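So the structure is just underneath, and the comments pick up after that.
If you're wondering where the values come from, they're calculated on a predicted model, not measured in any experiment. Position 1 is the first residue of the sequence, and the numbers go up from there. Counting starts at 1 for both ligands and their atoms, in listed order.
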Amino acid sequence: MISSLRDPRCSISSAPPISTILSTNPKPSYITICLPSPPDTRTMEVERVQAISSLAFGLDTIPPEFVRLEEEQPGMTTFHGPVPEIPVADLGGGKGEGAMEAVVKAAEEWGIFQVVNHGIPAKAVKELQRVGREFFELPQAEKEKYAMKEGKIEGYGTKLQKEVKGKKAWVDFLFHNVWPPASIDLAVWPENPPEYRKVNEEYTQHLLIVAENLMKWLSEGLGLEGHALRMALGGDELEYLLKINYYPPCPRPDLALGVVAHTDLSAITILVPNEVPGLQVFRDGCWFDVKYIPNALIIHIGDQIEILSNGRYKSVLHRTTVSKEKTRMSWPVFIAPPPEKIIGPLSELLNDKNPANFKSKKFKDYQYCKINKLPQ
Ligand SMILES: O=C(O)CCC(=O)C(=O)O
Ligand SMILES: [Fe+2]
């Protein structure tokens, strides 16, 4: 699919040919990080993008594995004409009067929208951003204490395995569950800054309300009871996984990508961005920048709601670009069913004229196929 993403309407930048970059680029520096104890055996070779970014400061090149294929490069594929804006829904201070219609329409037509007046206090969001930023600004060895262990999805890291064609993404991240309490492993929650835990707990309490309202309106939009989607997704067992994306400055933002093109495998994703633009959405054959709206949250419809709604709500294809001078950060929370939950089109939506467009399968099996790029 990715190879068809180039559109003649998308502008072509004056980027030098890849061969020039490949031949002039110095080998990336490997950062050797010595974990504190025991010092003799635990020396680990890790390439964190944050460290590569510091070494690349002032240069005009990036290591070749970060140079995307031409058909993916933002400099080649970003549309620069009049850009359609993704829908914005006003949630009326969290009460949501009149919001249902806007949310349903946006989920049907776009699969992505921003919400303003959502009821989460601006201070709770600012604090979430502050503690996340302060974590990434800690010395490397401190961050490595939380390094993702093999086979785990929580922890601090950089995508270690290369993608198809050996390409890498310009981003480091931290993942940890924030809800339900039984899923939380505090060992992967940073101890520094000291307020990290309290701030994340407070943000999560506010987020639960927004998430439940969205699921309610989306259920009603399908002509179902308000609790239908939430229950079909596992009810109180729904898992909320926070990711912090840290995209450090990149000397060649025209050639690199932060997160590559994908749809979220969650049911729904609620994302706080910082003020540095970078999120792009694929629509009508082009990649468009999503406008930054102060204090807005960005909502992505993920694969599981697309499946439950039998395709009425769209899971949106998106990616992120990076900035030459600034650090972009984002805080998506992926809301997803528990692993054993079977997800398929809701039976209430199916009849002779509307057969199921998707298979029913356990969420963990869906996840396995998606991560390993196997057919669903
Ligand atoms: O940083 C962003 O705005 C989007 C990140 C994203 O799509 C992801 O982590 O799945
Ligand atoms: Fe995403």
Side-chain angles (χ1 to χ4, degrees), residues 1-2 5 49-50 53 68 72 74 78 83 85-86 88 107 110-115 125 128-129 132-133 135-136 148 153-160 163 168-178 207 211 214 239-250 253 256-283 287-306 313-323 326-336 366-367 370-371 373:
M1 169 141 195
I2 309 294
L5 303 190
V49 176
Q50 194 173 359
S53 166
R68 306 303 310 191
E72 287 182 284
T78 300
V83 174
E85 268 167 35
I86 67 167
V88 180
W110 281 80
I112 184 169
F113 49 100
Q114 310 216 35
V115 294
V125 175
L128 176 82
Q129 293 175 312
R133 194 178 53 242
F135 170 71
F136 277 90
M148 191 180 261
I153 50 165
E154 293 182 273
Y156 166 73
T158 308
K159 212 169 174 189
L160 285 179
E163 298 160 30
K168 286 187 163 184
W170 194 267
V171 62
D172 293 330
F173 49 72
L174 173 71
F175 272 109
H176 61 72
N177 283 335
V178 293
L207 186 79
L214 289 170
E239 293 182 0
Y240 288 60
L241 174 67
L242 171 76
K243 180 184 184 196
I244 306 180
N245 285 307
Y246 186 91
Y247 309 99
C250 174
L257 279 176
V259 177
V260 302
H262 67 286
T263 60
D264 287 352
L265 64 73
S266 59
I268 196 164
T269 305
I270 303 182
L271 180 144
V272 169
N274 75 349
E275 73 292 351
V276 182
L279 177 61
Q280 293 191 328
V281 173
F282 189 67
R283 191 174 168 84
W287 286 104
F288 296 107
D289 290 312
V290 171
K291 189 174 113 184
Y292 168 70
I293 302 179
N295 300 319
L297 302 172
I298 298 172
I299 315 296
H300 297 258
I301 298 295
D303 298 347
Q304 306 313 308
I305 281 194
E306 180 175 84
Y313 297 137
K314 304 287 182 298
S315 179
V316 65
L317 188 63
H318 57 284
R319 70 180 187 186
T320 52
T321 61
V322 292
S323 157
K326 295 190 175 146
T327 296
R328 173 173 152 78
M329 290 185 73
S330 67
W331 288 257
V333 173
F334 302 102
I335 304 171
Y366 184 92
Q367 190 169 21
K370 179 137 178 166
I371 291 170
K373 299 190 169 62

Tabulate distances under 3.5 Å between N/O atoms of ligand 1 and N/O atoms of the protein, writing both atom names on each line.
{"unit_1": "ligand 1", "atom_1": "1 (O)", "unit_2": "Tyr247", "atom_2": "OH", "d": "2.7"}
{"unit_1": "ligand 1", "atom_1": "1 (O)", "unit_2": "Arg328", "atom_2": "NH2", "d": "2.9"}
{"unit_1": "ligand 1", "atom_1": "1 (O)", "unit_2": "Ser330", "atom_2": "OG", "d": "2.6"}
{"unit_1": "ligand 1", "atom_1": "3 (O)", "unit_2": "Arg328", "atom_2": "NH2", "d": "2.3"}
{"unit_1": "ligand 1", "atom_1": "7 (O)", "unit_2": "His262", "atom_2": "NE2", "d": "3.2"}
{"unit_1": "ligand 1", "atom_1": "7 (O)", "unit_2": "His318", "atom_2": "NE2", "d": "3.0"}
{"unit_1": "ligand 1", "atom_1": "9 (O)", "unit_2": "Lys243", "atom_2": "NZ", "d": "2.9"}
{"unit_1": "ligand 1", "atom_1": "9 (O)", "unit_2": "Asn245", "atom_2": "ND2", "d": "3.0"}
{"unit_1": "ligand 1", "atom_1": "10 (O)", "unit_2": "His262", "atom_2": "NE2", "d": "3.0"}
{"unit_1": "ligand 1", "atom_1": "10 (O)", "unit_2": "Asp264", "atom_2": "OD1", "d": "3.4"}

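Residues Thr320 and Gln280 have side chains that never bring a donor and an acceptor to within less than 3.5 angstrom of each other. The closest side-chain donor-acceptor pair between Asp303 and Tyr366 falls under 3.5 angstrom. Neither side chain, Thr327 nor Tyr247, offers a donor N or O lying under 3.5 Å from an acceptor on the other.
The side chain to side chain contact (heavy atoms under 4.5 Å, CB included) with Ser330 is formed by just one residue from the set Leu279, Leu271, Val259; it is Leu271.
Protein N/O/S atoms nearer than 2.8 Å to the Fe ion (ligand 2) total 3.
Here Asp289 pairs with nothing under the salt bridge (charged side-chain N to carboxylate O under 4.0 Å, His left out) rule; sequence neighbours left out. Among residues two or more places apart in sequence or in another chain, the ring pair (Phe, Tyr, Trp, His ring centres under 6.0 Å) test is passed with His300 by His318.
Without hydrogens or angle criteria, Glu306 side chain to Ser315 main chain gives a donor-acceptor distance under 3.5 Å. Using a distance-only test at 3.5 Å, with no hydrogens or angles considered, no donor-acceptor pair links the side chain of Trp170 to the main chain of Val322.
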Practice item. Evaluate side-chain hydrogen bond (donor to acceptor under 3.5 Å, both in side chains) for Lys370 paired with Thr263, printing each intermediate quantity in order. Key: CA-CA 10 Å; Lys370 179 137 178 166; Thr263 60; 2.6 Å; yes
